[in-house]
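These notes are about the structure you will find just below.
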Amino acid sequence: MSSDFTAPLGELDPELAGLIDAELDRQRHCLDCIASENFVPAALMQVHGSVLTNKYADGYPGRRDYDGCEVIDEVERLAIARAKALFGAEHANVQPYSGSNANFAVLRALCEPGDTVLGWDFTHGGHPTHYDADTLTGRFYDGIAYHVRRSDRLVDVDEAAELASRHHPKVIFVGWSCYPRTVDYAAFREIADRVGAYLVADMAHVAGIVAAKAHPNPVPLADVCTFTTHKTLGGSRGGAILCRAGLAERIDAAVYPGSQGGPLPHVFGAHALAFHLAKRPEFAERIAQTLSGARTLARVLAEAEVATRCQVVTGGTENHQVILDVSPSGMDGAAALERLEAIAINANAMPLAYDAVPGPIGSGIRLGTAALATRGFDDDAFAELGGLIAAALGREGPSEAVQGQAAQLAASFPLYSALA
Ligand SMILES: *Cc1c(COP(=O)(O)O)cnc(C)c1O
């Protein structure tokens, strides 16, 4: 084989290798509070960077359009069996390229163009792929949305029921990207039954917490569940679908050939490892730390409310997210985010329900604890993190002293030490 085939990346393409090193460096120096992010184990990168990526495998185990899939069949069977066991599902599809693709495929399976789909409004915490006009969902289906209540910022189940009775959706989505609470899946099941809709639970954010049995499992109640593999589940970037046996054929056909081409065997191979790891005690401990870290962070930020004039939305958290309303401070989300960036804390600025600042930026800061719990943060570290966030958002601002403390905190939790 030519030397281009065997030479290390650093020799072959120093420019790209330098960028990957720079990204590793950035990840080490930043405190990652982006609620949808996590760090994958070294072994998972090994699967991701393996020869599995070489194989075309259109179709499903035992019925492929390509030769030579007998090993890939076993890899996919392993991922499917582990996904089913982990979540107690009758059927799993591990091929969706992402969470969004998973949602589009589910609609392709369950709806005809023009059917009504009821989802959770994005600025109220939901995901655009559930209904929004800017996505394929809104392009092909009639998307409508329910909200959170103005009074307590909790999801308005009564409004969802009322919209369902009035519009008779074919599919009702329940699931969120920016919401610090759990929902009553049974109430959504009842609504779906009353109007003859399919209930689709999108557990993109909480899949890891569900896997660790620290969040209600929607699988027994929903007709279909979608999730991402890279958020709290801590696996490779991708999506997956779980469903009742009776819908298996339709779901599989809607993924391939309905909405995707050849699957990514190195990715579903990595999912097989992630599902395996998620059954282990170490993962359960990590999720427990993710949750208690979020409670600690919420407590420290709530105690600092007078100083920061930033409010903890709903007063606390039941998952890995802590959401701040920064509007009472006079800042918008972008300004608040800039202060956090100045002390190397990464988070998201988000519009909030009933936002005082209209527009796409809004007044919300979404913080998550999954990545830092994976990095080894304990409750003391999360409390310190909360103090630094409060200082940066409060009167002191992102001073040099606060910057130094944040850098010190990051340095005390080494990341990927085995990598150069
Ligand atoms: C993140 C997310 C998605 C989309 O996942 P991608 O992999 O980014 O496409 C879908 N639904 C919800 C609720 C999410 O939070």
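Given the structure is predicted, the values throughout are model-derived calculations rather than measurements. Positions are given from 1 along the sequence. All values below were derived from every heavy atom in this structure, side-chain atoms included, with hydrogens, water molecules and symmetry-related copies excluded.
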Close side-chain approach of Ile209 to Thr290, heavy-atom, < 4.5 Å
no
State, without any angle test, whether Ser236 and His48 hold a side-chain donor-acceptor pair at a distance under 3.5 Å.
yes
Tell me if a side-chain donor or acceptor on Gln321 pairs with a main-chain N or O of Ser177 at a distance below 3.5 Å.
yes
Salt bridge check: are Arg64 and Asp58 linked by an N-O gap of less than 4.0 Å?
no
Can a donor-acceptor pair be found, under 3.5 Å and without considering hydrogens, that links the side chain of Asn103 to the backbone of Ser100?
no
Taking the side chain as everything from C-beta on, heavy atoms only, tell me whether Leu247 gets closer than 4.5 Å to Leu110.
yes
Give a yes or no answer on whether the side chain of His127 reaches the backbone of Thr129 with a donor-acceptor pair at less than 3.5 Å.
yes
Between the main-chain N or O of Thr182 and the side-chain N or O of Glu318, is there a donor-acceptor pair closer than 3.5 Å?
yes
Looking at Asn217 and Phe87, would you say the former's side chain and the latter's main chain have a donor-acceptor pair under 3.5 Å?
yes
We want to know whether Asp132 and Thr135 form a side-chain donor-acceptor pair, criterion being a heavy-atom distance below 3.5 angstrom.
no
Which atom of Ala381 lies closest to which atom of Leu409, heavy atoms considered:
O-CD2, 4.1 Å
Point-to-point distance, once rounded to the nearest 0.5 Å, from CZ of Phe227 to OG1 of Thr232
10.0 Å
Qualifying residue, where the test is ring pair (Phe, Tyr, Trp, His ring centres under 6.0 Å) with Tyr146 and the options are Phe122, Phe173, Phe188:
Phe188
Is there a donor in the side chain of Asn346 and an acceptor in the side chain of Asp32, or the other way round, less than 3.5 Å apart?
no
Test His130 against Asp202 for side-chain hydrogen bond (donor to acceptor under 3.5 Å, both in side chains), laying out the working first.
CA-CA 9 Å; His130 297 176; Asp202 179 345; 2.7 Å; yes
So Trp176 and Tyr185, would you call those rings parallel, tilted or perpendicular, with 30° and 60° as cut-offs?
parallel
Going by the angle between their ring planes, with limits at 30° and 60°, are Phe413 and Phe377 parallel, tilted or perpendicular?
tilted
Please determine whether a side-chain nitrogen of the Lys or Arg among Asp67 and Lys55 lies less than 4.0 Å from a carboxylate oxygen of the Asp or Glu.
no
Could you go through Cys225 and Val200, starting from their C-alpha distance and side-chain angles, then the distance that decides it, and tell me whether this counts as side-chain contact (heavy atoms from CB on, under 4.5 Å)?
CA-CA 5 Å; Cys225 277; Val200 180; over 6 Å; no
Can you tell me if Arg189 uses its side chain to pair, donor with acceptor, with the backbone of Leu221 under 3.5 Å?
yes
Do the side-chain N and O atoms of Ser259 and Arg108 include a donor-acceptor pair separated by under 3.5 angstrom?
no
Step-by-step ring-ring contact (aromatic ring centres under 6.0 Å, His included) determination, Phe275 to Phe268
CA-CA 10 Å; Phe275 301 149; Phe268 62 61; over 10 Å; no
Is it true that Arg166 and Glu162 make a salt bridge, defined as a side-chain N closer than 4.0 Å to a carboxylate O?
yes
Report the distance from atom OG of Ser292 to atom NE2 of His320, rounding to the nearest 0.5 Å.
14.5 Å
For Asp252 and Gln95, test the side chains for any donor-to-acceptor distance below 3.5 angstrom and give the result as yes or no.
no
Can any side-chain N or O of His230 pair as donor or acceptor with the backbone N or O of Gly238 at less than 3.5 Å?
yes
Looking at Ala133, is its backbone amide N or carbonyl O close enough to the side chain of Thr137 to form a donor-acceptor pair, meaning the two atoms are under 3.5 Å apart?
no
Hey, are Glu285 and Gln289 close enough side-chain-wise for a donor-acceptor pair under 3.5 Å?
no
After noting the C-alpha distance and the side-chain angles of Arg181 and Asp152, does the key distance pass the salt bridge (Lys or Arg N to Asp or Glu O under 4.0 Å) rule?
CA-CA 11 Å; Arg181 298 287 167 182; Asp152 55 11; over 6 Å; no
Donor-acceptor side-chain pairing of Ser363 and Asp355 below 3.5 angstrom:
yes
Evaluate ring-ring contact (aromatic ring centres under 6.0 Å, His included) for Trp120 paired with Tyr131, printing each intermediate quantity in order.
CA-CA 8 Å; Trp120 182 329; Tyr131 71 93; over 10 Å; no
With a 4.0 Å cut-off on N to O distance, would you call Arg149 and Asp156 a salt bridge?
no
Over 12 non-hydrogen atoms of neighbours within 6.0 angstrom of CD in Glu338
no
Under the ring-ring contact (aromatic ring centres under 6.0 Å, His included) criterion, do His124 and Tyr354 qualify, and how do the steps go?
CA-CA 8 Å; His124 288 232; Tyr354 312 106; 5.0 Å; yes
Kindly determine whether Ser98 and Thr228 satisfy side-chain contact (heavy atoms from CB on, under 4.5 Å), including the steps that lead there.
CA-CA 7 Å; Ser98 75; Thr228 59; over 6 Å; no
Where the side chain of Thr296 meets the backbone of Phe382, is there a donor-acceptor pair that is under 3.5 Å apart?
no
Salt bridge check: are Arg28 and Asp25 linked by an N-O gap of less than 4.0 Å?
no
Atom CD of Glu23: over 12 foreign heavy atoms under 6.0 Å
yes
Please check this pair: side chain of Arg366 against backbone of Asn348, looking for a donor-acceptor N/O pair closer than 3.5 Å.
no
Checking Asn93 against Tyr256 for the side-chain hydrogen bond (donor to acceptor under 3.5 Å, both in side chains) test, could you report, in this order, the C-alpha distance in whole Å, the side-chain angles of both residues, the deciding distance, and whether it holds?
CA-CA 10 Å; Asn93 186 308; Tyr256 175 83; over 6 Å; no
Here the gap from Thr374 atom OG1 to Ile287 atom CD1, rounded to the nearest 0.5 Å, amounts to 7.5 Å
